[in-house]
Amino acid sequence: MGALFRSEEMNLCQIFLQSEAAYACVSELGELGLVQFKDLNPDVNAFQRKFVSEIMRCEEMQRKLRYIHKELKKDQMKIPDTDENPKAPAPKEMIDLEATFEKIESELKEVNTNAEALRRNYLELTELKEVLKKTHVFFSEHGRHGIVDDAQHALMHDEGGGFVPITSVQLGFVAGVIPREKIPAFERLLWFANRGNTFLKYDDIDQPLEDPVSGDAIDKCVFLIFFQGEQLKARVRKICEGFKATLYPCPEISQERTEMLTGVSTRLEDLKTVLNQTKDHRMRVLMSAQKELRTWIIKVKKIKAIYHTLNMCNFDVSHNSLIAECWTPVSGLEEIQQALKHGTELSGSTVPSILHRMQTKEVPPTYFKTNKFTSVFQEIIDAYGIATYQEVNPAPYAIISFPFLFAVMFGDFGHGFIMFLAGFWMVIMEKKLTSGKSDNEIMNMFVGGRYIITMMGLFSIYTGLIYNDIFSKSVNIFGSGWHPSYDFKTLQAESSRVLNPEDHFDNTTGPYPFGVDPIWQSSLNKITFTNSLKMKISVIFGVSQMLLGVLLSCVNHVYFRRPINIFCEFIPQIVFLLCLFGYLVALVFYKWIFFTSLCTQYAPQLLIQFINMFLITYTPRSANFTGDVYACMDIEPTVINATSQTVFYEHQQPIQITLVVLALLMVPVMLLFKPFILRARHNARVKRRAGLNATSQRTLIHNEEHPESSDDSKKVKGERPEAHLSDIELGAMSGKDPTMSINGEDGGVVSHSEVGLVELEEEEEEEEFDMGEIFIHQAIHTIEYCLGCISHTASYLRLWALSLAHAQLSEVLWSMLFRFSLTMDFAYAGGFIIFFVFAAFAAVTVAVLLLMEGLSAFLHTLRLHWVEFNSKFYMGEGYKFAPYSFKHLLDADIDE
């Protein structure tokens, strides 16, 4: 919890790496995943960096791996999913990898080229076989000269319209294959282009053919075209070429066609054997690559990441070393040193790598140590804004408050139990669900939030028991505290009766032990009772959470050493909140404790009382009574002039006036005190600097602590006096440990106090004090807080509103669907009807009440945490720690 409550303390380090050990050391740091490197060459083009050639080699290897992966996908072969995490190979192993990939790629390309040529040849022989078969059928159906005679009679006629003798006509024909969808256009063009002087006969090929390139199935037809003369023959050939129809030789003599068909069939059988052998060879190549492909992908990714990181370093030519700067958590420095040591040993270098901790003015990144349970809550907070370095993190509180506030709106035992089972199932099956990469984004989202779904379901079970609401029904577990004494005739005479607590409530057993009494389920004023209860607890929860947010702001002020914020912001804010809305919560508990059934007629209406508190409008009770007239007594309200708007406790008027005045006085305190205090401090600082001839706070401190500094150093214009002091003296002045860390020795760590000092120095040295800007900023902050307390308290009423909506929607679904089927009087068909009605009831319950209502409650809970809670203390102006890590490279997706 400590690490999650506040971000890890970070340190900016320099790493000095010898060239021969740099690759191995960076590889070990990537396996560790605790270092965020800074780019020390931001102005250098990517193609002008030192290791650009190695990165291009990695790109080429990834291209070859993508090609192999694509070939695997063609044969529907998947990459085996294993937990293996191979180490990054040594630079000399890149040559072996490149040779292996080159061999596999060239082999696959050669096999694919040969297979495509064989498939093309097989297609041509298959088409020729079909042409010979269909042509033989054409001629067989019409006799030896029948089809020729039909073509002659259709084509040849004299100028007068009479037919020319048959023996004088010599016809030729061509045969071929064309895609089936082109036949209508092909036939029309033949007719119009040749003016009807061609005769077309075609038939479909029964079996679809395979495209040699894509492997898709294509439907084709065999055609036979008769014509006269060479001119028409040339024209027919051009039309066939335009439609990409394939022409095949076809003998006119039946015996020759039969012999050719036999030869083609033999060649097809031989070709099929060769194709099967080629396919088997391709499969063996792919299977050998499939086993190692995931390992190869991860290795190449790691090599590429290492060289990308090395490109971010500076190269020291004189010492033949690389210099890197990186952010690291202080708690992980020892592990980083061990990783550097191990990398140096692997490389065989005799010169150790040096880790030097630096002082810096930069704001460090924010880093929280999370696990698979807390990460989802941290991501919810990060979606609002990354925490400022080492400020209080709302995530630990959201682990409890987020599912609890969700359950307040969603409270139903039955619905919560279903949600809990769904989340618990995903938790149990998380290894299986998270190992495979799914394209279903909605399912991935549910799996990622499996722990928060489980928690929301668990808390909904609890609040459902509190509300005594199970699928809109109540359960009498412990026995109701109400015992009506009406007889049967009285109940028959009137449809409804009022139960007086004095007569029908069992004071010996007391109220229902846990949650709401089940008798309210059947009462006519159920909504009135539950609305009053849920509205009050919504205000109580809201004010409590806002109060926690304000208290956490004090924790931030103390940690960052901002006493002015404690006195000028925190104290006025907490007083303002408690005087108004803390008092309202106190009134709720006062009414619950001190007003019983004896004085229900003059129990106070808290909303009216709260409004009258600001209007300073009070209705006193009668002065005729002495003694404790504010106690809850069995007295007629008219006797003591008591209503729901009269004062209901002693000294109510002066107490409420004091609280309102005190709250109003906090507004100018928040608005004015801090700007004027900052202005007074600035003026005092300016006077001190002017008297000491200082240009900065740092120089001022040195002038004060070292009045004996030499005159020569002061005469140099613009020269800082600390330039003449040693690192140890400077460290003593600034109150820090000045030692430098080399290979694990203590050195400068960026702490919260130093960050505040750095910000203060930057403001003093670079920015001028602008009273107007500070005053406007403080005014905005004051107005936002004061109005926010009012609007945010009202915003928490969504807890009551959504709880009411969920309960009523559940009750409507039960009444109009399920209960309706239970009231139908059918002898045997009722069981079947209830079966189908229950299926519809279950489907609507899951789709509407669980998914839609659950999503609505989730979004409202998200808003309550982001706006109402976080705005009280959370700045969210940091940037996330993005360590150089190989963990995200373990996915065997080559397209990343």
Side-chain angles (χ1 to χ4, degrees), residues 6-17 29 34-42 312-314 316 319 321-337 340 353-367 388-391 559-562 694-706 709 713 718-767 877-879 881-884:
R6 202 180 299 279
S7 64
E8 291 285 323
E9 193 170 4
M10 304 298 290
N11 196 119
L12 182 64
C13 296
Q14 269 188 342
I15 302 178
F16 297 89
L17 303 169
L29 292 177
L34 287 177
V35 175
Q36 176 180 330
F37 285 93
K38 293 177 61 179
D39 190 358
L40 302 182
N41 309 297
M312 300 169 67
C313 306
N314 278 334
D316 188 355
H319 297 86
S321 63
L322 291 171
I323 303 173
E325 289 186 7
C326 57
W327 289 106
T328 62
V330 175
S331 59
L333 285 175
E334 185 175 350
E335 297 177 65
I336 295 170
Q337 292 161 4
L340 292 175
S353 299
I354 299 175
L355 180 66
H356 170 212
R357 296 163 68 180
M358 304 169 59
Q359 299 288 352
T360 180
K361 294 183 179 181
E362 297 182 39
V363 178
T366 301
Y367 172 53
T388 306
Y389 178 63
Q390 290 209 320
E391 73 170 332
Y559 185 80
F560 290 110
R561 302 176 186 176
R562 301 169 184 162
T695 57
S696 68
Q697 177 73 13
R698 199 177 187 90
T699 308
L700 178 60
I701 294 174
H702 292 170
N703 279 333
E704 289 177 341
E705 295 189 3
H706 294 270
S709 299
S713 62
E719 185 176 354
R720 298 167 64 97
E722 64 266 25
H724 300 274
L725 302 176
S726 66
D727 291 338
I728 297 178
E729 291 171 327
L730 289 177
M733 291 180 204
S734 59
K736 308 182 190 112
D737 185 3
T739 58
M740 181 181 299
S741 171
I742 297 179
N743 287 337
E745 298 176 7
D746 294 334
V749 178
V750 182
S751 64
H752 65 278
S753 58
E754 294 170 8
V755 172
L757 180 60
V758 167
E759 293 175 353
L760 182 61
E761 290 180 4
E762 290 181 349
E763 290 177 359
E764 291 172 349
E765 296 178 11
E766 300 178 4
E767 298 181 7
E877 296 178 351
Y879 64 99
F881 177 62
Y884 160 69

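Only a predicted model underlies this, so the values are computations on that prediction, with no experimental measurement involved. FYI, the numbering just counts along the sequence from 1.
- If you take CD1 on Ile15 and SG on Cys313, they are separated by 8.0 Å, rounding to the nearest 0.5 Å.
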If you apply the rule side chain to side chain contact (heavy atoms under 4.5 Å, CB included), what do you find for Glu877 with Val363, and how did you get there? CA-CA 11 Å; Glu877 296 178 351; Val363 178; over 6 Å; no

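- At least one side-chain heavy atom of Glu391 sits less than 4.5 Å from a side-chain heavy atom of Phe560.
- Atoms CZ and SG, from Arg357 and Cys13 in turn, are 6.5 Å apart once rounded to the nearest 0.5 Å.
- Remark: Pro883 engages Phe881 in a side chain to side chain contact (heavy atoms under 4.5 Å, CB included) (not counting sequence neighbours).
- For the atom pair Ile336 CD1 and Asn11 CG, the distance stands at 9.0 Å (nearest 0.5 Å).
- Put simply, the side chain of Leu340 reaches to within 4.5 Å of the side chain of Leu29, judged on heavy atoms.
- Scanning for side chain to side chain contact (heavy atoms under 4.5 Å, CB included) contacts around Asp39 gives Asn41, Arg49, Met312, with sequence neighbours left out.
- Residues forming a side chain to side chain contact (heavy atoms under 4.5 Å, CB included) with Gln14 (at least two apart in sequence, or on another chain): Phe16, Ile323, Glu325, His356, Met358.
- Remark: side-chain polar atoms of Gln36 are paired, donor with acceptor, to backbone N or O of Ala882 under 3.5 angstrom.
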Derivation and outcome, side chain to side chain contact (heavy atoms under 4.5 Å, CB included), residues Ser7 and Tyr367: CA-CA 5 Å; Ser7 64; Tyr367 172 53; 5.6 Å; no

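- Interatomic distance, Glu9 CD to Thr328 OG1, rounded to the nearest 0.5 Å: 10.5 Å.
- How far CG of Leu12 is from CE of Met10: 9.5 Å, rounded to the nearest 0.5 Å.
- Listed by chain and number, the residues in a salt bridge (Lys or Arg N to Asp or Glu O under 4.0 Å) with Glu8 amount to none (sequence neighbours excluded).
- In this structure the side chain of Pro365 reaches within 4.5 angstrom of the side chain of Tyr879, judged on heavy atoms.
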